[in-house]
Every structure is written in structure tokens, then in C-alpha cells.
Student: 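So that we are looking at the same thing, I have put the structure below in C-alpha cells.
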Amino acid sequence: MNKKVMVAMSGGVDSSVAAVLLRDQGYDICGATLKLFSDEDVLTSCRTRTCCSLDDVEDARSVCYKLGIEHFVFNFKETFQDEVIRKFARSYEAGITPNPCIDCNRYIKFSKLIQRAILMEKDYIATGHYAQIGFDSVSGRYLLKKAVDLSKDQSYVLYVLNQHDLSRTLLPLGGMYKTDVRKIAEERNLINARKPDSQDICFVKDGDYAGFLENMMGVESKKGNFVDPEGNVIGEHKGIIHYTVGQRKGLGIALGKPAYVINKNKEFNTVKIGSEEDLYSNRLIASDLNMIALEKLTSPMKATVKTRYSQKETEAVLHPEGEDSIVVEFKDKQRAITPGQAVVFYDGDIVIGGGAIN
RNA sequence: UAUCGUGUAGUCGAAUGGUACAGACAACAGACUUUGACUCUGUGUGUUGCGAGUUCAAAUCUUGCCACGAUAA
């Protein structure tokens with residue numbers, strides 16, 4: 001009896017090819033596309049480069065039709081609104097910089113979708129993420145590993161997966177190179193073979209997330225002061241939500257040398273501006289942890305660490321701290337460590353775990 | 001009030017009296033990126049504060065006015 005797999009199909013090339021590969025491997029598959037927000041809310045008159053618009057649903061359906069498999073559309077709008085969009089807004093209000101893609105993985109794809117799949121008696125879900133899942137018989141734990149195509153590796157945004165999620169998930173693209181994925185899509189004549197990779201926040205049109213927060217989410221954005229490291233006022237900012245640590249563009253401030261956001265102070269509604277060197281620090285505290293390769297960190301360990309997506313890893317030592325925190329000490333100072341972003345710990349290709357930066 | 005100094009692109013600032021802006025920063029646009037960012041590449045016609053004068057030629061010299069700054073009483 002073939003294993004049953006529900007493939008999360010965004011309408012893009014990756015998840016479509018994932019479906020093709022699984023079917024070729026003999027799985028009994030069906031496709032599922034998630035409706036995460038109303039198109040009216042996002043205005044997708046032209047073909048956007050987001051991942052879940054109406055056109056994308058059509059593309060997914062078309063691919064499923066071609067493969068001769070069932071296609072479902074699940075409406076997760078409410079959960080998405082609550083767990084992803086609202087949290088996104090609250091984070092910005094609190095002066096930190098969220099990563100909605102990770103929340104979407106945690107609360108939608110690898111939570112709601114798995115539940116639904118189990119309800120429908122599927123054995124697994126599958127996605128088009130570039131990462132690999134393995135099982136370590138020594139520790140008895142499922143492992144998350146980097147993709148073979150390191151330039152496309154997405155293990156960073158999957159660090160939130162728990163053992164149960166991992167045991168129920170297939171990532172057929174983990175061993176593939178992107179160029180080959182496109183090639184397969186071409187060969188199979190998939191409608192989205194040449195569709196551009198998705199990017200930008202999927203629920204925010206034209207990348208204007210600050211406008212989205214103000215207009216759609218009712219987030220207030222009060223003007224305030226830019227201050228230098230000594231506390232002198234050096235200009236006026238448009239509101240704290242417009243900035244993130246390490247940001248250079250859009251400050252409108254000319255100091256004769258590049259100026260960056262060093263941090264944001266919610267209490268005084270100020271944004272501290274400094275030079276590139278002011279951005280570096282050698283430690284951070286991670287909380288809201290999710291450990292994968294081990295149950296819990298009980299003693300210090302060496303690891304390589306990423307403090308943001310598409311950044312190369314750096315050496316560090318992890319120190320357990322209290323119940324649910326880890327202090328990360330870097331060998332070399334790191335640039336623009338940003339509260340709200342994820343920090344992910346690696347041992348070679350293996351994801352040890354990760355957490356949110358405080 | 002007097003004396004001195006300064007006034008060039010959005011900002012800072014180059015430019016032996018020779019037909020205007022090197023550079024930096026900002027801004028804008030692309031590229032990169034399934035978050036926010038960083039990074040990379042590309043993009044600069046403005047009455048050189050206003051007016052008069054000297055000169056073949058003035059941002060540059062002289063001078064009046066204006067603005068700003070400093071010093072002096």
C-alpha cells in the first residue's frame with residue numbers, strides 16, 4: 001500500500017516539482033493550496049511575486065490536473081490573520097523585527113496543515129522547501145539538515161519544526177539543485193516553470209509593509225527623533241515601525257559617512273543612528289527555543305550560528321541560561337543582531353535548534 | 001553697532017581668473033533575497049545668496065544689499 005502524501009502547493013515551481021517527484025517515487029499524492037488572506041486585501045491585479053494569490057491557486061490547480069491528482073484549497077485565513085499577520089503587527093509595535101515566514105511555517109504549514117492531513121488520513125505532508133529531514137537512530141530523534149543546494153538552503157526558516165512535525169514531513173527538494181528543479185518543470189511542461197521565485201512578504205502588496213501596518217492593521221506610527229550614540233538629536237524619523245536594526249536606506253540623514261540604525265527605543269520613541277562599527281556585538285540572548293537535534297541544551301556547546309536568513313554562519317558557543325534561554329557568544333563580533341529575528345544553531349549540516357533573538 | 005569670515009546639487013564639500021562640481025553622504029532606480037535588512041550596479045543643468053563693476057573671460061577680483069557665523073564694546 002502506497003504512503004499517502006498531501007503536498008502543500010503554493011502555485012510556484014518548487015512545490016509543483018516536489019509533487020512531481022513524489023508521484024514518480026510512487027507515493028499516493030494529492031495537492032493542497034492554502035488560502036491565507038483575501039485577494040481584495042492585497043490587490044493582486046497584476047501577477048505579483050507573492051506566494052498565495054488567486055493566480056497562484058489556479059497554477060496549483062492546473063499542475064494537479066496535469067498530474068491527475070486531487071487538489072484541495074484550505075481556507076486558513078483566520079489562523080493566518082491571528083497567528084501571522086497580527087503577530088507581525090504586534091512585533092513592530094513592540095519595536096522588534098519579526099519574520100512572518102517563520103511564523104507561517106510554525107503555525108500554518110506545519111501545524112494546521114499537518115492536522116488537516118492527518119484528519120484526511122494522509123501519512124505525510126510535503127513542501128517545496130530546500131532542506132532535508134533525517135533520522136538519527138542513536139538519539140532516536142528526527143533531524144533537520146541543510147539542503148544540498150546551499151545557495152537555496154531554507155533550513156533557517158524551518159528551525160521551528162518539532163519532532164512530530166518532522167516525522168510527518170517530506171521535503172523532496174532537499175537533495176536537488178534549483179537549476180535542476182526548473183529543468184524538470186520545463187520537461188514536464190509545468191505552467192509555472194519560468195515563474196519568478198516568490199519574495200517579499202506575501203500578504204503585503206508592493207513591499208510597503210509600513211503602509212500595510214498603518215492602513216490595514218491600525219498601527220500608529222508616531223514621528224520621533226533620530227539620536228546619535230551620545231544621545232544628541234540629529235533628525236526626525238517617520239515612526240519606529242519604518243526602521244529595523246542595521247538599516248541604512250531611507251533614513252534621509254546625511255552624515256558624510258553611511259549611517260545605520262543601531263537600535264530602537266520604544267519608550268522614548270527614538271531611533272539611534274550610528275556608524276557601521278556601532279552595529280557589531282559579540283553576544284545575544286535567544287529565547288522561545290526549539291531544539292531539534294537534542295532535547296535540551298544542558299551544557300555549553302560549540303556551534304555555527306546564523307542570526308539572519310541568507311547570512312553565512314559564524315562560530316559561537318551556546319550557553320544554556322535559565323529554563324528557556326540560550327546565551328550565544330560569538331567568536332567574531334556580529335553585525336546588526338536584531339531582536340525578533342531568528343537565530344539558528346548548526347552542527348555542520350545539522351540544525352541543532354534555534355530561537356528568537358531578544 | 002563695528003570688524004572679520006562664510007554663502008557652489010537635498011547635505012557636507014572640490015574647482016591656478018578660462019567657460020562648474022572630484023569625492024562623501026542622502027535620494028531614486030535596478031540586481032540580489034520566500035521576513036525586515038545589508039550588499040552590489042546605475043542615475044546629477046544648477047540663474048555658483050541677490051545685484052552692479054573690472055576683464056576677451058568671474059564661483060574665483062572690486063563693490064552694494066541680504067543671510068549665517070565669529071570677535072569687539
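Chain identifiers are assigned alphabetically (A, B, ...) following the order of the sequence lines, protein sequences preceding nucleic acid strands; residue numbering begins at 1 within each chain.
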Student: Under a 3.5 Å cut-off on both pairing distances, which runs of 3 or more consecutive Watson-Crick or G-U pairs involve RNA chain B?
Tutor: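 Stems (3+ consecutive pairs) listed as B:1-7 with B:66-72, B:10-12 with B:23-25, B:27-31 with B:39-43, B:49-53 with B:61-65.
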Student: Roughly how many Å apart are rG30(B) and rG46(B), using the C1' atom of each and rounding to a whole number?
Tutor: 27 Å
Student: Give me the distance, rounded to whole Å, that separates rU45(B) from rG10(B) when you measure between the C1' atoms they each carry.
Tutor: 16 Å
Student: For RNA chain B, whose closest nucleotide is more 5', that of Ile253(A) or that of Ala336(A)?
Tutor: Ile253(A)
Student: So, Arg106(A) and Asp165(A), do they make that salt bridge, N to O below 4.0 Å?
Tutor: no
Student: Can a cation-pi geometry be assigned to Arg116(A) and Phe72(A), taking NZ or CZ under 6.0 Å from the six-membered ring centre and within 45° of the ring axis?
Tutor: no
Student: Determine the contact category for Lys87(A): base if any of its heavy atoms lies under 4.0 Å from a base atom, sugar-phosphate if only primed atoms, P, OP1 or OP2 are that close, otherwise nothing.
Tutor: nothing
Student: Tell me what Tyr92(A) touches on the nucleic acid: a base, only sugar-phosphate, or nothing, going by heavy atoms under 4.0 Å.
Tutor: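 Sugar-phosphate contact only.
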Student: Identify which one of Ile108(A), Leu36(A), Leu34(A) satisfies the side-chain contact (heavy atoms from CB on, under 4.5 Å) criterion when paired with Phe74(A).
Tutor: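 The passing option is Leu34(A).
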Student: Given atom CZ of Phe203(A) and atom C1' of rG36(B), what is their separation to the nearest angstrom?
Tutor: 11 Å
Student: Between the side chain of Arg188(A) and the main-chain N/O of Val20(A), is any donor-acceptor distance below 3.5 Å?
Tutor: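 No; zero donor-acceptor contacts below 3.5 Å.
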Student: Kindly say whether the aromatic ring centers of Phe226(A) and Tyr243(A) come within a distance under 6.0 Å.
Tutor: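 Ring centroids of Phe226(A) and Tyr243(A) are less than 6.0 Å from each other.
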Student: Going by atom type alone, with no hydrogens or angles, which donor-acceptor pairs under 3.5 Å involve a side-chain atom of residues 347-358 of chain A and a protein atom two or more places apart or on another chain?
Tutor:
residue	atom	partner	partner atom	Å
Asn358(A)	OD1	Ser287(A)	OG	2.8

Student: With rounding to whole Å, what would you report as the distance between rG17(B) and rC25(B) at their P atoms?
Tutor: 30 Å
Student: Write down the distance separating the C1' atoms in rA9(B) and rA27(B), rounded off to the nearest Å.
Tutor: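 That atom pair is separated by 12 Å.
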Student: Taking only Lys NZ, Arg NE, NH1 and NH2, and the carboxylate oxygens of Asp or Glu, determine whether Lys266(A) and Glu93(A) approach each other closer than 4.0 Å.
Tutor: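 Salt bridge absent between Lys266(A) and Glu93(A).
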Student: With a 4.0 Å cut-off, would you call Lys238(A) and Glu214(A) a salt bridge?
Tutor: no
Student: When the P atoms of rU19(B) and rA29(B) are compared, how many Å lie between them, rounded to an integer?
Tutor: 35 Å
Student: Give Gly340(A) one of three labels, base, sugar-phosphate or nothing, depending on what nucleic acid heavy atoms sit under 4.0 Å from its own.
Tutor: nothing
Student: Show the distances under 3.5 angstrom between N or O atoms of the protein and N or O atoms of nucleotides 6-8 of chain B.
Tutor:
none

Student: Think Arg248(A) has a side-chain N or O under 4.0 angstrom from the OP1 or OP2 of rA26(B)?
Tutor: yes
Student: So which one's nearest nucleotide on RNA chain B is more toward 5', Tyr209(A) or Tyr260(A)?
Tutor: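 Here Tyr209(A) is the residue nearer the 5' end.
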Student: Considering only rC38(B), rU11(B), rU35(B), which nucleotide approaches the side chain of Ala254(A) most closely?
Tutor: rU11(B)
Student: With a 4.0 Å cut-off, would you call Asp197(A) and Arg182(A) a salt bridge?
Tutor: yes
Student: C1' atom, rU54(B) versus rG44(B): distance in rounded Å?
Tutor: 33 Å
Student: Pick base, sugar-phosphate or nothing for Gln311(A), based on heavy-atom distances below 4.0 Å to the nucleic acid.
Tutor: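 Nothing, no nucleic acid heavy atom in range.
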Student: Name the nucleic acid region contacted by Leu251(A), choosing base, sugar-phosphate or nothing; use a 4.0 angstrom heavy-atom cut-off, strictly under.
Tutor: sugar-phosphate
Student: Could you check whether atom NZ of Lys145(A) has more than 12 heavy atoms from other residues, nucleotides or ligands sitting under 6.0 Å from it?
Tutor: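 Counting neighbours around NZ of Lys145(A), 12 or fewer heavy atoms of other residues, nucleotides or ligands fall under 6.0 Å, so no.
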Student: rG5(B) and rG18(B): how far apart are their C1' atoms, nearest whole angstrom?
Tutor: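 Between the two C1' atoms, the distance is 27 Å.
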Student: Classify Arg308(A) by what it touches in the nucleic acid, base, sugar-phosphate, or nothing, heavy-atom distance under 4.0 Å.
Tutor: base
Student: For the P atoms, the ones on rG13(B) and on rA2(B), what distance do you get once it is rounded to whole angstrom?
Tutor: 28 Å
